[in-house]
There are 2 protein chains.
Amino acid sequence: MKLHVSPDIFPPRGHEAKRLSIVDSAATVFCREGFAGANIDLIAAEAGVSRQTVYNHHGDKEKLFVAVVRDLTERCNAGIFATIATFPDQPRDLEADLIGFAVRLNQNCICNRDGKFLRKLIQTEGERYPELFAEWREQGPGRTWPAIAARFARLAYGGYLTIEDPDVAARQFLGLVNAELQTTFMLGGSPREDEVLQSATNGVRTFLRAFGKRRSAASSEKQSALASA
Amino acid sequence: MKLHVSPDIFPPRGHEAKRLSIVDSAATVFCREGFAGANIDLIAAEAGVSRQTVYNHHGDKEKLFVAVVRDLTERCNAGIFATIATFPDQPRDLEADLIGFAVRLNQNCICNRDGKFLRKLIQTEGERYPELFAEWREQGPGRTWPAIAARFARLAYGGYLTIEDPDVAARQFLGLVNAELQTTFMLGGSPREDEVLQSATNGVRTFLRAFGKRRSAASSEKQSALASA
DNA sequence: ACAAATTTAGACACTCTTGTCTAAATCGTC
DNA sequence: GACGATTTAGACAAGAGTGTCTAAATTTGT
């Protein structure tokens with residue numbers, strides 16, 4: 001009935017812009033109010049479109065929710081892989097470089113809008129959509145954690161670290177650099193920049209005390225030397 | 001109008017039992033459906049009482065929710081302090097004793113019903129009730145974390161560990177022993193017993209590599225000796 | 001400027017939920 | 001067994017939200 005010529009670009013132009021705007025507002029409202037509490041009228045108003053337009057684009061509330069989660073997962077994954085690409089494979093100053101990596105990971109992937117929203121949606125609605133969040137698990141942690149582990153394995157192979165199990169080390173790295181942000185994460189807040197840096201610094205120091213190249217008895221000052229470099 | 005004799009025990013007997021039953025079902029349903037999605041009829045049915053009884057006991061949905069959170073916070077705190085009391089102050093086998101402590105903490109406080117529910121409610125509704133969850137923060141992490149830190153300080157003072165900042169060490173200890181359970185926690189699941197043990201074991205090993213008594217050059221075997229004791 | 005498609009506002013039916021009310025049934029205790 | 005208090009089932013009004021429909025207004029490509 002509609003597709004008269006090319007089924008390719010039947011949304012002319014501002015069409016896609018509206019779709020994006022709707023998904024964005026929906027993410028905000030779903031996170032703030034939860035799925036049940038989210039109100040389509042409110043989403044439409046926040047997106048600057050009419051309610052009918054929301055239904056035209058996404059069909060119903062549940063389809064809209066799924067679109068939101070897929071969108072967030074995709075963008076977050078892209079961000080994480082972009083950040084993993086900055087992992088210090090040949091560090092000049094191991095402690096400083098790892099702290100930098102940890103801070104970038106937090107600021108660009110975990111504490112930013114997308115990361116915060118995705119985390120909250122997983123926590124609040126994860127049990128209601130098992131297949132959707134199984135997909136997230138495979139595409140997210142299932143692919144990013146091994147990628148980080150591989151980088152640590154490379155550092156170990158290069159003689160920078162002493163690691164038995166790179167997968168365990170990678171998870172512990174993440175646990176350590178986020179150790180001081182847990183309460184903030186719980187309540188859905190965003191830690192300040194200096195809190196992120198503090199947690200990362202403390203976490204990396206401990207990580208290196210555990211996995212750093214074992215300093216010989218003669219050079220136990222090496223760590224503090226590194227710290228001030 | 002009602003209190004004819006003693007205002008003390010005016011709920012005769014099964015009254016309090018019903019109150020408990022209601023709060024319990026409410027916790028379950030609030031966690032599963034979120035505040036907005038929770039249905040008083042469903043809570044009443046799950047508690048085995050009529051809807052009117054729910055209103056008789058708790059007034060309205062919001063008051064019921066607050067009662068649930070206070071209840072959970074109280075019970076969780078009690079459990080955590082009871083577990084902290086089992087902290088190994090004079091360890092015979094430091095690694096094994098810390099692993100045991102970590103496992104107890106997880107099994108009895110974090111992964112059990114109350115812990116799981118409280119965590120989820122904080123995550124999902126924390127932003128909607130700032131004062132309620134500020135109270136939790138003060139009563140919960142605000143009191144338990146320093147208590148754990150004090151125990152680690154005591155271990156350091158006793159010569160078992162080398163720690164600069166006990167508060168940081170305590171947070172990192174928790175981050176490490178839970179490092180492998182994050183994804184499960186996210187999705188609201190309960191890790192299996194062997195997963196808890198595995199994560200605790202790996203976490204404590206790394207913790208001791210970082211903070212264990214610095215083996216002098218001559219006695220670098222001390223740690224593995226401790227481990228097998 | 002024209003024609004097609006999209007968007008809009010508003011009304012609408014429908015369902016669901018909250019919280020109240022009442023009269024009957026049940027419980028616990030003396 | 002009787003009494004007072006609690007609990008129950010059901011009906012009820014009021015409100016809110018979803019999803020549909022329609023006709024008018026607006027945007028877009030040509």
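By convention in this document, chain letters (A, B, ...) are assigned in the order of the sequence lines, proteins followed by strands, and residues within each chain are numbered from 1.
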**Prompt:** Which residues satisfy the side-chain contact (heavy atoms from CB on, under 4.5 Å) test with A:A82, sequence neighbours excluded?
**Reply:** none
**Request:** Quick one: pull up CZ in A:R32 and CZ in A:F117 and give me the separation to the nearest 0.5 Å.
**Result:** 8.5 Å
**Note: A:D167-A:R171 ion pair, threshold 4.0 Å (strictly below)** = no
**B:F30 vs B:V69 side-chain heavy atoms within contact, under 4.5 Å** = no
Can you pull every protein N or O that's under 3.5 Å from an N or O on nucleotides 10-16 of chain D?
unit_1 : atom_1 : unit_2 : atom_2 : d
D:dA11 : N6     : B:R51  : NH2    : 3.0

**Message:** How many whole angstroms separate atom NZ of B:K61 from atom C1' of C:dC16?
**Reply:** 11 Å
**Message:** What's B:G48 touching, base or sugar-phosphate or nothing? Going by heavy atoms closer than 4.0 Å.
**Reply:** sugar-phosphate
**Asked** Between B:F133 and B:F65, what is the ring plane arrangement, given parallel below 30°, perpendicular above 60°, and tilted in between?
**Response** tilted
**Request:** Would you mind reading off the distance between A:E33 atom CD and D:dG17 atom P, rounded to a whole angstrom?
**Result:** 10 Å
**Message:** Can you see if the side chain of A:S50 gets near the phosphate of C:dT7 - specifically, an N or O under 4.0 Å from OP1 or OP2?
**Reply:** no
**Prompt:** Starting at CG of B:D41 and ending at P of D:dA9, how long is that distance when rounded to a whole Å?
**Reply:** 11 Å
**Message:** Quick check against the 3.5 Å criterion: does B:T206 have a side-chain atom that pairs as donor or acceptor with the backbone of B:G203?
**Reply:** no
**Item:** A:Y55 OH to C:dA9 C1', straight-line distance once rounded to whole Å
**Value:** 15 Å
**Request:** Return the value, rounded to whole Å, for the distance between atom CZ of B:F65 and atom P of C:dT17.
**Result:** 19 Å
**Complete:** Judged by nearest nucleotide, the residue sitting upstream toward the 5' end of DNA chain C, B:E62 or A:V49, is A:V49
**Protein-nucleotide distance (B:K18, atom NZ; D:dA5, atom C1'), rounded to Å** = 13 Å
**Nucleotide D:dT20, atom C1' - distance to CG of A:D60 in whole Å** = 13 Å
**B:F35 CZ to C:dT17 C1', straight-line distance once rounded to whole Å** = 12 Å
**Request:** Assign B:A38 to base, sugar-phosphate, or nothing according to its heavy-atom contacts below 4.0 angstrom with the strands shown.
**Result:** sugar-phosphate
**Prompt:** Counting any heavy atom closer than 4.0 Å, what does B:H57 reach on the DNA or RNA strands: base, sugar-phosphate only, or nothing?
**Reply:** sugar-phosphate
**Criterion side chain to side chain contact (heavy atoms under 4.5 Å, CB included) against B:V23, the qualifying member of B:I43, B:V68, B:T28** = B:V68
